Number of protein chains: 2
Amino acid sequence: MTKRPTQEEVARIAGTSTAVVSYVLNNGPRSVSEDARRRVLAAIAKTGYRPNSAARALVSGRSTVIGLVVPDLANPFLAQLTQSLERELFGRGYSLLIGDSGDEPARAATVVETLLAQQVAGLVWYSVDLPPPLDVLGGSALPVVVVNDLAGSGVTEAAPAGRLISVDAEEYRGVRLATEHLLAHGRTRIAHLGGPQGRLNSAERSRGWADAVSAAGLSPTVRMNVPFTQEAGADAAGHLLESGCDAVVTANEMQATGLLRGLHRAGVRVPEDLSVVAYNGTPAAAFAIPSLTTVELQVSALAREIADALEPDSAVTGLTAASELVRRESCGCEVPAAEADA
Amino acid sequence: MTKRPTQEEVARIAGTSTAVVSYVLNNGPRSVSEDARRRVLAAIAKTGYRPNSAARALVSGRSTVIGLVVPDLANPFLAQLTQSLERELFGRGYSLLIGDSGDEPARAATVVETLLAQQVAGLVWYSVDLPPPLDVLGGSALPVVVVNDLAGSGVTEAAPAGRLISVDAEEYRGVRLATEHLLAHGRTRIAHLGGPQGRLNSAERSRGWADAVSAAGLSPTVRMNVPFTQEAGADAAGHLLESGCDAVVTANEMQATGLLRGLHRAGVRVPEDLSVVAYNGTPAAAFAIPSLTTVELQVSALAREIADALEPDSAVTGLTAASELVRRESCGCEVPAAEADA
DNA sequence: CTGAAAGCGCTAACAG
DNA sequence: CTGTTAGCGCTTTCAG
């Protein structure tokens, strides 16, 4: 039941004042003699002292905690993003507080409020439809990263108190890329399994599909709007097949793996009878049956850039997240056996 | 750039003292007249006041943040657990700080230290091999939930300063259950795809398999120890097939879906030629091809119990997490088409 | 280069 | 029932 050592104890042992301990700890704002620094460090080691971040946050008004709000932590893509961010942030001395908005505006607002009450030093908001509740952010001048900032969301124009970093995930481009790949495979009746109706998120992705199809001189085939779940993907198989399409671009990986399952049950061969490409793939796509061709976001790189942008001295206001097409079996690409599971 | 309102402002507007505001906020420890309470509440609403949790944590020595340490956030099972815990905790006014130990002791220690520095009110530790670094916990008298406490880990006996809540996930029983189900299907050469060698985690699961096989009067077939990844599962297919087994019990779902992929490539039919059951399944198992029979932990219930146990006034010291066998296609159970994707 | 001291916003005695 | 007040541990002026 020993109390944790405080700065004062460290100072006493080091034969100095708490101010000096603080200077050593933070490398400033004043400089410290080599001798004093050594004594302080020794005292810290001896006592096992660790700064109390609550006290630090209170006095400085800034914590070392970053808040992350995602719509669904169980979604592998978002779990991966969360993991990458956690890794990156921990390496820089920050911790990650997570909030699952459940894709509901009301809950999202509560979550943001809760995170703000924790004095987070920054916020990462994965946007599905709504911009982050900037009103809740009030005057807090903290950096907010809006991943997947949506055209027309008006976020960028909102001119909030804090620094706003907009991450363009190029969803339009990503889905378009996927669609064009199917076109390159000679598919002409490309359907689209899109996300929930009315979501800017979904709309953006769907637009990529529609434009690619039009640009190829084809007329859009069927388009469905369903939740971002495996179940919805599986259920969509029937309708998609009736439409007579020869390929499907899905708005996320969960829909695609669900669809693969639905097609399998219907006895449809992929990619022979129908080819499939998913947007926002994860490494798990390599293990789908057949392995799933996806457009994959470069998550680690993005996490690093986000962490950079969150640093207090950063002046970054915008980022573009790179995606790339990962060719596997479901689109019809021949995949050498050796690379199939890579 | 407006500063956030403080308790003092609220008190001023309500025409009372900060103490009364505090009493209203915390429902105690003193009672407040109905009239004063109303005025305080009005002032809070008017100013949009939110308590500063850093200050609260500092003075009370207790925050409303719970720390969670898992070995791999990208693992769907753990992502699901994280999500459930987040949901449960948020509903009670707590936030969740996550730490990904990457299954490395060194990193785990750092993560725990970081979380403790944040003055977490409790810790949830998902144990793979090592017990949580109790030494790091020092004298902090905070509740620590060890999910999947491992027999012989010595955690329970460590008598730490805080309250220790041991969650028995019954891994032995779960894997045994899975194995017995395969036995019930008439399989006699049941192999085991286990987790990394030397992990208590893996050992416990493997023991369940070995005992079930022995109890049936059969001699254990092959057993492999590989990482908890899809890739490892896929790579194991060849060796498993050579062993001539007619069924496989895997130690987690990722290994199983990887294995399914490997078997598919090898042209092996599941469950006809080989049946498969996985431990620690998630809802995603329903969408594997074939759908995967698993032993599934009742995550939501567990999350609720963990949250209960974490409450400061709880006296719980142990929990048992219930698992159940979820029959799907991969084991050989006939699954009515209508329920196949349920 | 260093020490003393003033708070950060809040809780919880302690007096009324 | 309510106001006053003493810190919680730390950062950072402001004097030395």
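Note on naming: letters A, B, ... go to the chains in the order of the sequence lines (proteins, then strands), and numbering restarts at 1 for each one. Please read these numbers as outputs of a predicted model, since none were measured by experiment.
For the OP1/OP2 pair of C:dT2 and a distance below 4.0 Å, the side-chain nitrogens and oxygens of A:Ser33 include at least one atom meeting the criterion. Between A:Ser31 and C:dC1, a side-chain N or O to OP1/OP2 separation shorter than 4.0 Å is present. Close to C:dG3, at under 4.0 Å from its OP1 or OP2, lies a side-chain N or O of A:Ser17.
At the heavy-atom level, A:Ser53 lies nowhere under 4.0 Å from the strands shown. Across all strands, B:Ala54 comes closer than 4.0 Å to no nucleic acid atom at all (heavy-atom distances). The residue A:Ala36 sits close only to the backbone: its heavy atoms come under 4.0 Å of sugar-phosphate atoms, none of a base.
Following rounding to the nearest Å, A:Asn27 (CG) and D:dT12 (C1') show an atom-to-atom distance of 16 Å. Regarding B:Gln7, its CD atom lies at a distance of 11 Å from the C1' atom of C:dA12, rounded to whole Å. Residue B:Leu58 contributes atom CG, which lies 12 Å from atom P of C:dC10 at whole-angstrom precision. Summarising the geometry, the separation between CZ on B:Arg56 and P on C:dC8 is reported as 18 Å, rounded to the nearest angstrom. Rounded to an integer number of Å, the gap from B:Glu34 CD to D:dC1 C1' is 13 Å. For the pair B:Asp35 CG and D:dG3 P, the interatomic distance rounds to 11 Å; values are reported in whole Å. Distance B:Glu8 CD to C:dC10 P: 10 Å, rounded to the nearest Å. We find that CZ of B:Arg30 is positioned 13 Å from C1' of D:dG3, with the value rounded to whole Å.
Listed candidates were D:dT13, D:dC10, C:dA12. Nearest to the side chain of B:Tyr23 is C:dA12. The side chain of B:Ala55 approaches C:dG9 more closely than any other nucleotide in the set C:dG9, D:dG3, D:dC10. Comparing atom distances between the B:Asn52 side chain and each of D:dT4, C:dG3, C:dC10 picks out C:dC10 as nearest. The nucleotide whose nearest atom lies closest to any side-chain atom of B:Ser22 is, among D:dC10, C:dT11, C:dT2, C:dT11. Listed nucleotides: D:dC10, C:dG9, C:dG3. Nearest to the side chain of B:Val59: C:dG9.
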>> salt bridge (charged side-chain N to carboxylate O under 4.0 Å, His left out), that's the test. Do A:Asp308 and A:Arg304 meet it? Break it down for me.
In response: CA-CA 6 Å; A:Asp308 281 339; A:Arg304 195 172 326 116; over 6 Å; no

> Which is it for A:Arg107 and B:Glu86 under the salt bridge (charged side-chain N to carboxylate O under 4.0 Å, His left out) test, yes or no, and what are the steps along the way?
Replying inline: CA-CA 12 Å; A:Arg107 208 177 130 77; B:Glu86 191 272 353; 3.0 Å; yes

>> Determine whether A:Arg92 and A:Glu88 satisfy the following criterion, salt bridge (charged side-chain N to carboxylate O under 4.0 Å, His left out), listing intermediate values before the conclusion.
In response: CA-CA 7 Å; A:Arg92 298 165 189 237; A:Glu88 194 61 39; 3.0 Å; yes

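When B:Val20, B:Asn26, B:Thr18 are each tested for a side chain to side chain contact (heavy atoms under 4.5 Å, CB included) with B:Ser22, only one passes: B:Asn26. Of the residues listed (B:Asp72, B:Asp103, B:Asn201), the one engaging B:Phe228 in a side chain to side chain contact (heavy atoms under 4.5 Å, CB included) is B:Asn201, and it is the only one.
Sequence order on DNA chain D of the closest nucleotides to B:Ser60 and B:Thr18 puts B:Thr18 first from the 5' end.
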